[in-house]
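Notes for the one structure printed next.
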Amino acid sequence: MGLAVTWLLVVILVLGMAWQLGTAMVKATNMAHLRYESTLLADEVTEQVETRFDALTRLNDQLEPGADRNAIRTTLKQNAALMAWFEGVVVVNAQGRVIADWPNVEGREGLDTAPLEYFKMLRGTRMPYVSEPFVGRASGIPMVLVSVPRTGSDGEFAGFIGGIVSLHSGGLFDRLSRVRLGEDGYAGVATSSGKILYHPNRGLIMNEVPDNDFNPWLGLALDGWEGEAEAPLLNGERSFQSYRQVWPADWIVGLYLPNDQAQQPLSGFLQRLWWLGVALTLLMLPLLWVLLRRMLSPLKHLARQIGEVGRGERERVQLGTHMQELQHVAGTFNRVEDERQVLMTNLQEREAFLDSVLNATPQGMFVANFDGHITYMNPSLLGMLGIQAEVPMEAWLRQIHPDDREGAMDMWQHSLKTGSDFVRQLRFERTDGETLWLDIHARVVMLSQGGHSLGLVGVVKDITERRELEAIQRWEAEHDPLTGLLNRRGFERRLDEAFADFQKTSTPSALLLFDLDHFKPINDEGGHALGDEMLRRIAQVVAWEVRRSDHVARQGGDEFGVLLPSCTLSQARRIAEALRNSVGEISVVHEGKEYRVTLSIGVTTFHEDDSSTEDAVARADAGSYAAKDKGRNGVVIKLHDDEEAADPIQLFD
């Protein structure tokens, strides 16, 4: 039975290793396949979008500058072939009014698009743009507007030409609808703002994607990340996922393959191997039974006498067999037993001496064997940890802080395997709620003869007070005492870290620098106390408006900076506008007079030609000054070529 069980365990071990290796191979293979497919799909959707941009650009070239409405209509009718790609085409003037459309829809001409996001983006960027999805008023079908800007002979913005594309039948996602990833795999498309554009379940189109807590990899993809990951589907099932960007439209293409579907062939193969191993085990049992019964018969008598020695019923083993091997075993056992008795006497004496020493020392100490179990803790250590000696090790190990537990256990196991010292600082949560910082140093105890180790002896120190003092000093060194934001030193360190990530992995990051417009009258008329109150309120609002991963700093006086890691330029623009609007609503009152400030914000991103963070800081600073020169209360984006990405948005009191 023992050999049969051993054989069965070997089969289980082999199957387990095969499962691990197979799972890794399945994951690697499917990830590579998803990477290839998602790249093809993203290229296909990109080509579809760019083809529509090109078609609208060619149509724009056919329109004479300053042409009247009838001439524009005639040109649109002559290009009726565009209806294969668009549900309709509209021409909008510089004021945002629809001056012509094809096919003509009653009520569409004369519509005012100036307040809409796509008109503002086209007027600001002068670049082709795909709008956020919307539902058609007449058809009730989800659509997007693909637009290219128009310019006059003097280069000024003259409106745009837009093509309305249906998300159901516009041809954008024909390639995605033909994707086959087994029975349950599928492809999807979403905007960077989180709206679903394509999904096999049409009921999900126009819905919001799951939040970052549910699928953080999807959240990274919305911020511009491309790659593969393992994450849950909407039904909670784990899946392999791949994400690629459609940059011209600011969309994300995702492919999803459930784990169970990917691993189904491997599971079936290993199941067949399992039943084959079980069958072989059952066939071996009768043969093993006969052979081992004959071989082990003389050993039963020896085993019985050894058991009697262990129970104290006899002092020595005496065999009446002629087998020299068993006689040799019996003699060796008797000699070892005599030596054991002598060693037990010495050990008991030494244990008594060690217990006295450990109980008397005021330092926390413990003893552990090489199975990793702590066999003794002296009274000083028990009092320090607030536990009783009879509490099992598994119980008080759970009181180690969760952030420190895994690392400490890994280091403990490493020390047990290698015989190296265990040196660690960790947090321990007492049952009374107090959290202690402990410094632990354990060393292997070696025998003087033979170099064998007996276990580990450790010393534990309470360093809570020292760690708290160090934490306070570190925080004060990098934070502004008035607002609680980062100071210049802390901000520069995080800038250096973000720049290093950019150089290694091309992770995009944006930088915002601004100071406060109209802040001096607050200090001059209301005093520094009123100015400090305004600074604290602004710090609270700015910290609230940015993402949790962003870094906000007061670099001195009324100068502020915001670092946006893993942030695209369009996202940085939206955040800057949100900051400008929110700070503009803050006010303080002194002697019946209300004071407000505005922001002149400079925005930039890291560039591959930057030699250091100082290059990006100089561009953002120049953008802030440019916003001030253009009337303040504005946002200016400065790129590496030193040209403004867009005119600042200006508001005046």
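The model shown is predicted, which means the values in this text are computed figures rather than measured ones. Computation of the quantities below employed the complete heavy-atom set of this structure, encompassing side-chain atoms and omitting hydrogens, waters and symmetry-equivalent molecules.
- Between the side chains of Tyr256 and Glu237, no donor N or O sits under 3.5 Å from an acceptor N or O.
- Ring orientation note: the planes of Phe606 and Phe502 are tilted relative to one another, at an angle of 30° to 60°.
- Donor-acceptor pairing under 3.5 Å is recorded for the side chains of Arg52 and Gln48.
- Ring geometry, Trp217 versus Trp225: the interplanar angle falls from 30° to 60°, so the pair is classed tilted.
- A salt bridge links Glu577 to Arg580: one of the charged nitrogens lies within less than 4.0 Å of a carboxylate oxygen.
- Between Leu220 and Ser566, every side-chain heavy-atom pair lies at or beyond the 4.5 Å cut-off.
- One finds no salt bridge joining Arg424 and Asp404 here, because no Lys/Arg side-chain nitrogen approaches an Asp/Glu carboxylate oxygen to under 4.0 Å.
- Within the 6.0 Å centre-distance limit, the rings of His199 and Tyr186 are counted as a close aromatic pair.
- We find that Glu228 and Arg244 are joined by a salt bridge, their nearest charged nitrogen and carboxylate oxygen being less than 4.0 Å apart.
- With values rounded to the nearest 0.5 angstrom, Glu492 atom CD is found 9.0 Å from Asn487 atom CG.
- Between Cys567 and Gln571 the shortest heavy-atom distance is SG-CB, 3.5 Å.
- A donor-acceptor pair shorter than 3.5 Å cannot be found between the side chains of Thr598 and Asn633.
- Here the CD1-CG distance, from Ile601 to Leu579, works out to 5.5 Å after rounding to the nearest 0.5 Å.
- Nearest heavy-atom pair across Gly561 and Leu513 is CA-CD2, 3.8 Å.
- Closest heavy-atom contact between Gly254 and Tyr243: CA-CD2, 4.0 Å.
- No side-chain donor from either of Arg238 and Asn259 sits under 3.5 Å from a side-chain acceptor of the other.
- Taking the side chain as every heavy atom from C-beta outward, Tyr118 and Phe160 approach each other to under 4.5 Å.
- For the pair Leu145/Ile164, a side-chain contact is recorded, criterion being any heavy-atom separation below 4.5 Å from C-beta on.
- A salt bridge links Glu497 with Arg493; the closest basic N to acidic carboxylate O contact falls under 4.0 Å.
- Put simply, CD on Gln245 and CG on Asp223 are 9.0 Å apart, with the number rounded to the nearest 0.5 Å.
- In this structure the side chain of Asp43 never reaches within 4.5 angstrom of the side chain of Glu47, judged on heavy atoms.
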